Asker: 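If you scroll down you'll find the structure; I have some questions about it.
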Protein chains: 2
Amino acid sequence: MNIGAVARRLNLPAKTIRYYEDIGLLRPPRDENGYRHFRETDVHKLAFLARARALGFTIEDCRALLSLYEDAGRESVRVKRIAEDHLARIDEKIEHLRSLRSTLAHLIECCAGDHRPDCPILEDLGQG
Amino acid sequence: MNIGAVARRLNLPAKTIRYYEDIGLLRPPRDENGYRHFRETDVHKLAFLARARALGFTIEDCRALLSLYEDAGRESVRVKRIAEDHLARIDEKIEHLRSLRSTLAHLIECCAGDHRPDCPILEDLGQG
DNA sequence: CTTGACCTTCCAGTGGCTGGAAGCCCCAGG
DNA sequence: CCTGGGGCTTCCAGCCACTGGAAGGTCAAG
């Protein structure tokens, strides 16, 4: 399969696929004309990466996960640890966003939002 | 005040302050030796920017908010709209993270996390 | 006079792509 | 045989909001 076909099949931009090759996540062979030739294993790896990325894992996490995926002698605790760390980072982000959200929502409530210049949002930002 | 003093006072890296000048968010005058000289108004603007950034507004939002802040004839609805859009984006992010979180937490629960290779996390990523 | 803390500019890198230019490859239609 | 259009290639630049570091000027203390 050529890159375009893979891109359509996985719903992944061709640019992204080239980028993944660039940073060494996969190494599809080339046809005589220089085109990348994706075997089923390459497509499968790509699908794995796409799903891991969709779960929010960083590229480096994905690299580690992929190598564990391909290592029949892995210990599942290694995978679990990566996932737990990721979960913890997600929880931090959610907590941070919730805190922003609550401050922001309060300020918005206090603002009349009309043609007059008085604005508690700006006042708050201005004197913290 | 020199940049270092401002940086300490606002707890903002000097690099960031220079960057803000670079992108035109403020324009502190210079001393004869070329050092930036921050007047109270400059420090005040910087503090405004720092708080807006801490609330998660983008730099472009900050630019707009600052210009509204300095415009005595503003209509508060313009400020409110920026804040509401930002709130909506935050809500989207929270929702997205919550969805990731729930998938991930489920996978983690299913994984033994021991020395054996069997791993539902990898299985899931591998076959979607 | 030296030391060390400060300041300056400029260039490069972060993450994870994304856009675009320039140019080759291939196939169908006229 | 030529042309057009799509797909493929590489490479360079840009996104956001900084951050790090090099090379060099400035200043106050000892």
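Below, chain A is the first sequence line, B the second, and so on; all start at residue 1. Remember, it's a predicted structure, so these values are computed and weren't measured experimentally.
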Asker: Which nucleotide in the list dA17(D), dT8(C), dC8(D) gets nearest to the side chain of Y19(B)?
Answerer: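 Nearest to the side chain of Y19(B) among the choices is dA17(D).
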Asker: Starting at atom CD of E60(A), determine the distance to atom P of dT14(C), rounded to an integer number of angstrom.
Answerer: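 Between P of dT14(C) and CD of E60(A): 11 Å.
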Asker: Within a radius of less than 6.0 Å around CZ of R78(A), do more than 12 heavy atoms belonging to other residues, nucleotides or ligands occur?
Answerer: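 Not buried by this count: 12 neighbours or fewer within 6.0 Å.
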Asker: Rounding to a whole Å, what distance do you find between I23(A):CD1 and dG15(C):C1'?
Answerer: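 Interatomic distance, CD1 of I23(A) to C1' of dG15(C): 9 Å.
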Asker: Over the length of the helix from dC1(C)-dG30(D) to dG30(C)-dC1(D), how much do the five-pair end axes diverge, rounded to 10 degrees?
Answerer: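 It comes to 30° between the two terminal axes.
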Asker: Would you tell me if any nitrogen or oxygen in the side chain of N33(B) comes within less than 4.0 Å of OP1 or OP2 on dC27(D)?
Answerer: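 Yes, such a contact exists.
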Asker: Between the side chains of R101(A) and E95(B), is the shortest nitrogen-to-carboxylate-oxygen separation below 4.0 Å, so that they form an ion pair?
Answerer: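 No salt bridge links E95(B) with R101(A).
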Asker: Closest to the R8(B) side chain: dT9(D), dA17(D), dC6(C)?
Answerer: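 Among the listed nucleotides, the one closest to the side chain of R8(B) is dC6(C).
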Asker: Whole-Å distance between dC18(D) P and E21(B) CD?
Answerer: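 It is 15 Å, rounded to the nearest whole Å.
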Asker: Please check if I94(B) and L104(A) belong to a single hydrophobic cluster, counting links between Ile, Leu, Val, Met, Phe, Trp and Tyr side chain heavy atoms closer than 4.5 Å.
Answerer: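 Same cluster.
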Asker: Is Y35(B) near enough to dC27(D) that one of its side-chain N or O atoms lies under 4.0 angstrom from OP1 or OP2?
Answerer: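 Checking dC27(D) against Y35(B), no side-chain N or O comes under 4.0 Å of OP1 or OP2.
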Asker: Under the salt bridge (charged side-chain N to carboxylate O under 4.0 Å, His left out) rule, what do R81(B) and E84(B) come out as? Steps first, then yes or no, please.
Answerer: CA-CA 5 Å; R81(B) 219 169 275 149; E84(B) 283 169 341; 5.9 Å; no
Asker: Given atom CG of N2(B) and atom C1' of dC27(D), what is their separation to the nearest angstrom?
Answerer: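 These atoms are roughly 10 Å apart.
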Asker: If you compare every side-chain N and O of R18(B) against the phosphate oxygens of dT8(C) (OP1, OP2), does one of them come in below 4.0 Å?
Answerer: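 Indeed, a polar side-chain atom of R18(B) lies that close.
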Asker: Think R30(A) has a side-chain N or O under 4.0 angstrom from the OP1 or OP2 of dC8(D)?
Answerer: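 For dC8(D), neither OP1 nor OP2 has a side-chain N or O of R30(A) closer than 4.0 Å.
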Asker: Starting at CG of L55(A) and ending at P of dG16(C), how long is that distance when rounded to a whole Å?
Answerer: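 Between P of dG16(C) and CG of L55(A): 14 Å.
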Asker: Could you tell me whether the side chain of K15(A) has a donor or acceptor atom within less than 3.5 Å of a complementary atom in the base of dG16(C)?
Answerer: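 No.
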Asker: Atom CE of M1(B) and atom C1' of dC6(C): how far apart are they, to the nearest Å?
Answerer: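 From M1(B) CE to dC6(C) C1': 16 Å.
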Asker: Would you indicate whether D31(B), at its atom CG, is surrounded by more than 12 heavy atoms from other residues, nucleotides or ligands within a distance under 6.0 Å?
Answerer: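 Enclosed: over 12 neighbouring heavy atoms sit under 6.0 Å from CG of D31(B).
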Asker: Just one of R74(B), K45(B), H44(B) clears the side chain to side chain donor-acceptor pair (under 3.5 Å) bar with Y69(B), so which one?
Answerer: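 Going through R74(B), K45(B), H44(B) one by one, the side chain to side chain donor-acceptor pair (under 3.5 Å) with Y69(B) is satisfied by H44(B) alone.
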Asker: Identify the two heavy atoms, one from R51(B) and one from G126(A), that lie closest to each other, and give their separation to 0.1 Å.
Answerer: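 That closest heavy-atom pairing would be NH2-O, 3.2 Å.
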Asker: Quick one: is R36(A) getting a side-chain N or O under 4.0 Å of the dG7(D) phosphate, OP1 or OP2?
Answerer: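 No, because none of the side-chain N or O atoms of R36(A) sits under 4.0 Å from OP1 or OP2 of dG7(D).
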Asker: Between L46(B) (CG) and dC18(D) (P), how many Å, whole number?
Answerer: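 Nearest whole value for this atom pair: 12 Å.
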Asker: Between T16(A) and dT18(C), is there a contact of a side-chain N or O with OP1 or OP2 at under 4.0 Å?
Answerer: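 Result: yes.
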Asker: Using a cut-off of 6.0 Å, state whether more than 12 heavy atoms not belonging to R116(A) lie near its atom CZ.
Answerer: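 Count not over threshold, so no.
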Asker: Scan I3(B) against the nucleic acid and name what it touches under 4.0 Å (heavy atoms): base, sugar-phosphate only, or nothing.
Answerer: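 Sugar-phosphate, no base atom in range.
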Asker: At under 4.0 Å between heavy atoms, what does Y20(A) touch on the DNA or RNA strands: base, sugar-phosphate, or nothing?
Answerer: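 If one applies the 4.0 Å heavy-atom cut-off, Y20(A) turns out to touch the sugar-phosphate alone, with no base involved.
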Asker: What is the distance, rounded to the nearest whole Å, between atom CG of L12(B) and atom P of dC18(D)?
Answerer: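 After rounding, the gap between these two atoms is 8 Å.
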